[in-house]
Structure formats: C-alpha cells, structure tokens
Amino acid sequence: MRLLNKVVIVTGAAGGIGEAQCRLFATERAKIVVSDTNEEKGSKLANDISLAGGSAFFVNLDVSSESDWTSLVEISIDRFKTIDVLVNNAGIYRTESIQEENPDDWDRLMSVNLKGAFLGTKAVIDSMRSNKSGSIINVSSTTALVGSWRGGAYGASKAALLSLTRHASIQNAKYGIRVNAVVPGPIETDMISQNISNPEGRALSESRILLGRLGSPSEVAYAILYLASDDSRYVTGTELLVDGGLAAQ
Ligand SMILES: NC(=O)c1ccc[n+]([C@@H]2O[C@H](COP(=O)([O-])OP(=O)(O)OC[C@H]3O[C@@H](n4cnc5c(N)ncnc54)[C@H](O)[C@@H]3O)[C@@H](O)[C@H]2O)c1
C-alpha cells in the first residue's frame with residue numbers, strides 16, 4: 001500500500017497511461033481525482049474504482065483552462081481535504097512536420113501539453129506548500145530528447161516540460177515538494193495508434209527500441225507510482241526514462 005490515503009490528481013485520466021495509473025494507484029489505496037475532458041470514460045473509470053472498493057471521483061477538467069483548475073482544486077480539497085500528488089499526464093499528439101504544421105494547432109498543442117502542466121502546478125502549489133509536502137510528476141516523452149522526421153510541436157512541448165520540471169523542483173524543494181518527470185518512449189495507447197496501425201509502422205517503431213517492443217501503459221504507471229510514493233523521497237528534479245532503451249543509442 002504505497003499510496004495509502006494519499007490524495008492523487010491525475011489529468012488525462014480517462015484512457016491510456018492515465019487510466020493505467022488510476023487503476024494501479026487504487027490498488028495502492030490512494031484517493032484518486034480522475035480528471036479528463038472525456039466525461040463518459042472518466043466517470044466510468046471512477047465508478048469502476050469505487051465499485052471495487054477504492055476511493056475515486058471524476059472531475060471534468062480541460063488542463064488548458066485556469067478556471068477549470070481552480071474548480072478542480074476546490075472540489076478535491078472539499079472532498080478529500082488535501083492534495084498530495086499531481087500527475088500532469090494529459091497530452092495531445094501531432095505528427096505534422098514543422099513545414100506542414102498549422103500555427104493554430106501548434107498553439108493548441110502547447111496550451112494542453114505545456115501550459116496545462118504550468119497551470120496545474122500553480123493550482124496545487126499553495127496547498128502542497130501549506131502541507132510542507134507533495135509530489136508533482138510531469139509526463140514528458142523521448143521526443144523531448146531525440147528529434148524525428150515526424151512532428152515538431154509535440155517534441156518541443158515535451159522538451160519544455162523537462163525545463164518546467166527542473167525550475168519547479170528548484171523553486172519548491174524548500175517547501176518539501178518534489179517535482180520530477182517521466183519520459184516514456186512509444187507506448188501502446190490510442191495516442192500512437194495511427195503510427196502502429198500497419199505492420200511496417202509498428203516494425204519501424206520497434207526497430208528503434210533496445211528491448212525490441214513497445215511499452216505498455218502499466219509499465220509507465222509503475223514508474224509514476226515510484227515518483228508519487230515516499231519510496232522516492234530523496235528524488236527531485238529528475239527525468240526517469242521508461243523507453244525500453246530507445247534514448248540510450
Ligand atoms: N503513448 C505514447 O507513446 C506516449 C509516449 C510518450 C509520452 N506520452 C504521454 O503520455 C501522456 C498520456 O498519453 P496516452 O498515450 O495515455 O494518450 P491517450 O490519448 O490515450 O490519453 C490522453 C488523455 O488525455 C485526455 N486529454 C486530451 N486533451 C485534454 C485536455 N485539454 N484536458 C484534459 N484531458 C485531456 C484525453 O481525453 C485522453 O483521455 C501524454 O502526456 C502523452 O504525451 C505518451
């Protein structure tokens with residue numbers, strides 16, 4: 001029970017890696033705020049966890065909206081009294097090259113992947129500072145570390161998230177708050193389904209991975225569990241790669 005009674009907010013929790021985290025954290029006895037723009041899937045997940053004896057509820061949150069964050073923090077504290085962990089997990093993906101990218105789509109991606117984590121950090125920090133403890137985990141990507149013939153906006157947003165992680169860790173360590181990033185490689189979720197929908201695309205993705213296969217959402221969730229729990233009490237400002245060795249080459 002590595003998260004016994006810890007209050008954990010997960011954004012983008014309705015599917016993929018976020019859902020895997022919520023299911024894992026429930027087995028570790030966390031109290032979970034399941035947040036997403038997808039109300040149907042998010043509510044169902046929170047319901048499933050509650051029916052199985054866990055503690056969870058759903059909040060509709062668009063991470064790019066400051067007012068959504070204000071309400072989410074109010075509702076979370078009202079319901080669970082405190083906030084121990086925030087996972088800035090919500091993200092959107094685009095494969096357009098820099099030359100093909102549309103500036104409005106660039107802005108939208110940055111407002112979800114980067115501004116969303118900034119707003120989330122800002123929203124929970126007062127509560128965590130008053131508790132003199134907290135753990136914030138930002139979900140980056142190996143596209144932050146290595147370039148690709150595909151995309152541009154996505155990798156740039158995830159690289160900026162690593163910088164945000166370092167700055168936030170420095171500015172909050174004296175308040176007992178740790179801020180870290182996980183850096184997944186390709187993980188089998190809806191996000192990359194178009195890249196791996198045909199055998200050639202899948203083979204290309206797998207060929208770049210030392211362990212020879214894509215990762216699963218729960219393999220990332222275990223890394224986030226470590227950073228969320230007191231097992232990582234001496235860890236802040238770091239980047240934990242969960243990429244099957246992709247970025248080692
Ligand atoms: N799948 C991969 O290969 C991979 C690799 C590296 C990093 N990541 C990162 O992991 C995180 C989770 O990705 P995933 O693979 O589970 O993707 P996913 O598409 O399966 O899930 C993303 C979730 O975020 C939600 N979301 C989208 N926009 C939102 C917004 N504005 N506010 C709140 N929620 C929003 C979606 O509804 C969805 O439930 C993302 O940050 C992603 O960039 C994924």
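Numbering of ligands and ligand atoms starts at 1, following listing order.
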Ser205 to Leu214 - nearest heavy-atom pair and separation: CB-CD2, 3.9 Å
If I take atom CZ from residue Arg94 and atom CG from residue Asn113, how far apart are they, to the nearest 0.5 angstrom? 11.0 Å
With clusters built from Ile, Leu, Val, Met, Phe, Trp and Tyr whose side-chain heavy atoms come within less than 4.5 Å, directly or transitively, what are the remaining members of the cluster of Met1, listed by chain and number? Leu4
Would you mind writing out a table of all protein N or O atoms found under 3.5 Å from any N or O atom of ligand 1, naming both atoms and giving the distance to 0.1 Å?
| unit_1 | atom_1 | unit_2 | atom_2 | d |
| --- | --- | --- | --- | --- |
| ligand 1 | 1 (N) | Ile187 | O | 3.2 |
| ligand 1 | 1 (N) | Thr189 | OG1 | 3.1 |
| ligand 1 | 3 (O) | Ile187 | N | 2.8 |
| ligand 1 | 3 (O) | Ile187 | O | 3.4 |
| ligand 1 | 8 (N) | Tyr154 | OH | 3.4 |
| ligand 1 | 15 (O) | Thr189 | OG1 | 2.6 |
| ligand 1 | 16 (O) | Ile17 | N | 2.8 |
| ligand 1 | 31 (N) | Asp62 | OD1 | 3.0 |
| ligand 1 | 32 (N) | Leu61 | O | 3.4 |
| ligand 1 | 32 (N) | Val63 | N | 3.1 |
| ligand 1 | 37 (O) | Asp36 | OD1 | 2.6 |
| ligand 1 | 39 (O) | Asp36 | OD2 | 2.7 |
| ligand 1 | 41 (O) | Asn89 | O | 2.7 |
| ligand 1 | 41 (O) | Lys158 | NZ | 2.9 |
| ligand 1 | 43 (O) | Tyr154 | OH | 2.5 |
| ligand 1 | 43 (O) | Lys158 | NZ | 3.0 |

Would you mind listing every salt bridge (charged side-chain N to carboxylate O under 4.0 Å, His left out) that reaches into residues 107-130, with sequence neighbours excluded? Asp62-Arg108
Let me have the donor-acceptor pairs involving side chains of residues 241-249, under 3.5 Å, with sequence neighbours excluded, atom names and distances please.
| unit_1 | atom_1 | unit_2 | atom_2 | d |
| --- | --- | --- | --- | --- |
| Asp243 | OD1 | Gly245 | N | 3.0 |
| Asp243 | OD2 | Leu246 | N | 3.3 |
| Asp243 | OD2 | Ala247 | N | 2.8 |
| Gln249 | NE2 | Arg208 | O | 2.8 |
| Gln249 | NE2 | Gly245 | O | 3.4 |
| Gln249 | NE2 | Leu246 | O | 3.0 |

Tell me whether Leu51 at atom CG has more than 12 heavy atoms from other residues, nucleotides or ligands lying less than 6.0 Å away. yes
